[in-house]
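Every chain is numbered from 1 and lettered A, B, ... according to where its sequence line falls, protein lines coming before strand lines. Model, not experiment: these values are computed from the prediction.
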Protein chains: 2
Amino acid sequence: LKLSSHNLCFLGYGNVNRSLAELLLDREQELRERHGTSFRITGIASRSLGWIANAEGLDPGEVAAQPPSGANSQDRHSQSDVRSWLAAAKCDVLFEATSLNVESGRPAVDHIRAALEHGAHAITANKGPIVHAYRELRDLAAARGRKFLFESTVMDGVPIFSLFDQLPAIRLQGFHGILNSTTNVILSEMEDGLSFEEALRKAQALGIAETDASHDIDGWDAAVKTAALITVLMDVSVKLEEIGREGIRNLSAAAVRAARKEGRPYKLVCRATKTENGVEASVRPERISAMDPMARITGSSSYIYFETDIFPGLAITEETPGLYATAYGMLADFVRAVWE
Amino acid sequence: LKLSSHNLCFLGYGNVNRSLAELLLDREQELRERHGTSFRITGIASRSLGWIANAEGLDPGEVAAQPPSGANSQDRHSQSDVRSWLAAAKCDVLFEATSLNVESGRPAVDHIRAALEHGAHAITANKGPIVHAYRELRDLAAARGRKFLFESTVMDGVPIFSLFDQLPAIRLQGFHGILNSTTNVILSEMEDGLSFEEALRKAQALGIAETDASHDIDGWDAAVKTAALITVLMDVSVKLEEIGREGIRNLSAAAVRAARKEGRPYKLVCRATKTENGVEASVRPERISAMDPMARITGSSSYIYFETDIFPGLAITEETPGLYATAYGMLADFVRAVWE
C-alpha cells in the first residue's frame, strides 16, 4: 500500500468541523493502514479564530484553546483572506463548513472556488454551493483534476450521492422522503403530547434545532436538500423557488396527535418526479398511510425512497444518527477524493 | 472523455447472463457517452452451447439461436476449455453465472481463477466463490491488477458491497435482514391462504423459485448470502456450517396465518453479530414485531439493516426488484472494474 500524505484545512470551526477533526484523529491508524492515507492539519479558520495556517502542522486542541497559548499562537491571524490562507497552509483538502446562506450560497461558493483554483480538493457540508453553483464547481473541479464532494449535505453523511456514483446508466424517475430532522423531531414530540413551542425547545435542547429554527420549520432546509438531490442525481437545474414549499408552522398539536391516533401521521415530505420538461418537486406536510415506511420514521431518523428503472423501489433509512454522522460524511469524502 | 473498449465473455448463458447481454446492448449509448466505456461480446459458453469465441465479436442473438445459423456458426465449440476459450476471445471481462455448487463453489472458482490469471476482470453472480475462495481470489485479483466483483450475489445487484467501499474506516458490528426471495414469497402467499405446496408452486410459476427449491426453503441460499456478507464486510472467515440454519419447511400454514393475524409475522431472518472471537450468525424463521420494518417486507422484496459505530442503524430496502436487477448488478460491476 502506497502512503499518501495530505494537508487538511478547516474553514468554519463549529460543531461539524470540530467533530471531523476529532474523528480524523481517532481513525488515523485505519486511514493509514487500510486506505494508505495520512494527513496533518495545516489550516483552521473561523470568524472568531481568524485565518490560522502553518504548513508544518497545527494542533487543533491548541488552536481551539481560549486564550491562545503555546508554540502555535503566532500562527493566529497570520493571513487575511482565504486565498493567502490556503497558500500559507499548502492546502491539499479544504473542509468547508461555514454557515449557510440559502439565498446566495455565499461565502461557501467563493471558498470552494478558491480551494479548487488553489489546487485542493473541496469538501463541503454546505448545501448552498450545490443549489447555487453546482455545475460551475463540478466543471471547475474536473478542469483542475480535483474533487468537489458534498456527501454530508443530505442525510448526515449516509452515502447517497456516492450510492448513485455506483449506479451507472440507471434512470432515476423520482424520489420521496423525510430529510429534515428538526421538523421530524418536533412532529414526534407533538404526537407525544408537547405543544409546538415545547417541542421546538426540546429539539433545540437536544442540539438538533438551531436557535433560529425557522429555516427548518418553514421547510427551507428540506427544500434545499430536495434541490440538491435533483441537481446532482437527476442532472436537472432547479431553482429553490420552483419547489412547492410549505412548513409545519400551521399544524396544530391537536391535529398532529389526532392524525397519529388515526394511524395516518403527519410528516414533512420531500418529493420529486421527473416530467417531460424537467422535474416537479414539493416539500410539505402530508398524512402518511400506516403501511408506508415513512409512518415509522420518528425523531431524528430520516428516509429516502428512489424510483429507478432497474430498482422500482430502493430505499435507505438512517435510524437515530450518531453524533459523528455528518463529520463522517466529510471524512469519507476525503478518502474518496485522495484514494486511488 | 477517453473511450475504452473491452471484450466481454459470458460463462453460463441462462437467465442472468442473457438478461445482462440484453441490458448491455440497451445501455450501450449511456455507457459510451457517460462512462467512456464501449464493449463487444467475444465469448459465450454454456453446457448446451459449448465454448464459443470470436475475438472480432459475436452476435448474442445469433449464438442463442437454435439451430445455429449464419456466419458465426463456425465459432461454436471452437475451444475445449475455459483457458483456451478466454484466450481465443481475447477476454477483458468475464461474467461468470454458472450454477452454484454450495458445497465446493466449483466450477465457478476455477473459472474466476482462470479469468484473473488470463488478465481479465472477473464478475460473478455466484455466491460459491465468495464463501469458498474469497481471500484467494481477492488477493489474486490485486496481484494481477484486475477486479474480482460480485455485487449481484446479494439483493439482486443493489449496491451493498459497493456501499461499504464508500464507508472507509467504519466499524460494522452486525446486520440482520431478509435476503431470500423464494421463502419470503412463500410466507406471504401462505399468509394469504395458500398451503406451503401451493405457495411453492406459485413462486415457481413466477420464476422466483427454482424447480428444486430446497436450496431456498431449507435456508441454504440465505446462509450463503449471510456468509458472503460476513466474509467481505466484516473480514471474518466463516464456514457455512458455523451459521445456525433452519428453513421454513416445518412451518404450518395455520401458524403462519395466525402469526400475521396477531401482527407478528414469520420471516426467514439472517443475522450476524461481531463477537470477541469472530461472528455469531444464524438463519431461521423468527416472529417479527409489528414495529420492525421487516414485518412489511413481503413477496420478492428484501431488506438489510446494518449496525455501525457511525450510523447505528443504516437500512436498505429493495421493493419488488425489476427483471433486470441481478443483471444490472453485473453491468455496474463492469463499469466499476473498467472506469478510471
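- Under the 4.5 Å side-chain criterion, counting only non-hydrogen atoms from C-beta, B/Arg27 is in contact with A/Ile310.
- Both the backbone and the side chain of B/Pro159 come within less than 4.5 Å of a heavy atom of chain A.
- Contact check for A/Asp292 versus B/Arg296: no side-chain heavy atoms found under the 4.5 Å cut-off.
- To the nearest 0.5 Å, atom CD of residue B/Glu319 and atom CG of residue A/Leu314 are 9.5 Å apart.
- If you tally non-hydrogen atom pairs under 4.5 Å between each of B/Ala169, B/Ser162, B/Ala327, B/Gly329 and chain A, the highest count goes to B/Ala169.
- One distance of note links CG of B/Leu331 with CD1 of A/Ile170; it measures 9.5 Å at 0.5 Å rounding.
- Only the side chain of A/Asp309 comes within less than 4.5 Å of a heavy atom in chain B; its backbone stays farther off.
- Listed by chain and number, the residues in a ring pair (Phe, Tyr, Trp, His ring centres under 6.0 Å) with A/Phe39 amount to none (sequence neighbours excluded).
- Put simply, of B/Pro168, B/Gly157, B/Ala332, the one with the most heavy-atom pairs under 4.5 Å next to chain A is B/Pro168.
- At a 4.5 Å heavy-atom cutoff, B/Phe334 makes no contact with chain A through either its backbone or its side chain.
- Neither the backbone nor the side chain of B/Leu323 has a heavy atom closer than 4.5 Å to any heavy atom of chain A.
- If you take CD on A/Gln166 and CD on B/Glu151, they are separated by 8.0 Å, rounding to the nearest 0.5 Å.
- Among all heavy-atom pairs drawn from B/Asp156 and A/Phe311, the shortest one is O-CE2, 3.7 Å.
- In this structure, B/Asn15 places its CG atom where only 12 or fewer heavy-atom neighbours from other residues, nucleotides or ligands lie under 6.0 Å away.
- For A/Pro293, the parts lying under 4.5 angstrom from a heavy atom of chain B are both the backbone and the side chain.
- In this structure, A/Gly322 and B/Pro312 approach most closely via the heavy-atom pair N-CD, 3.5 Å.
- Looking at B/Thr317 and A/Tyr305, their side chains never come closer than 4.5 Å, going by heavy atoms from C-beta outward.
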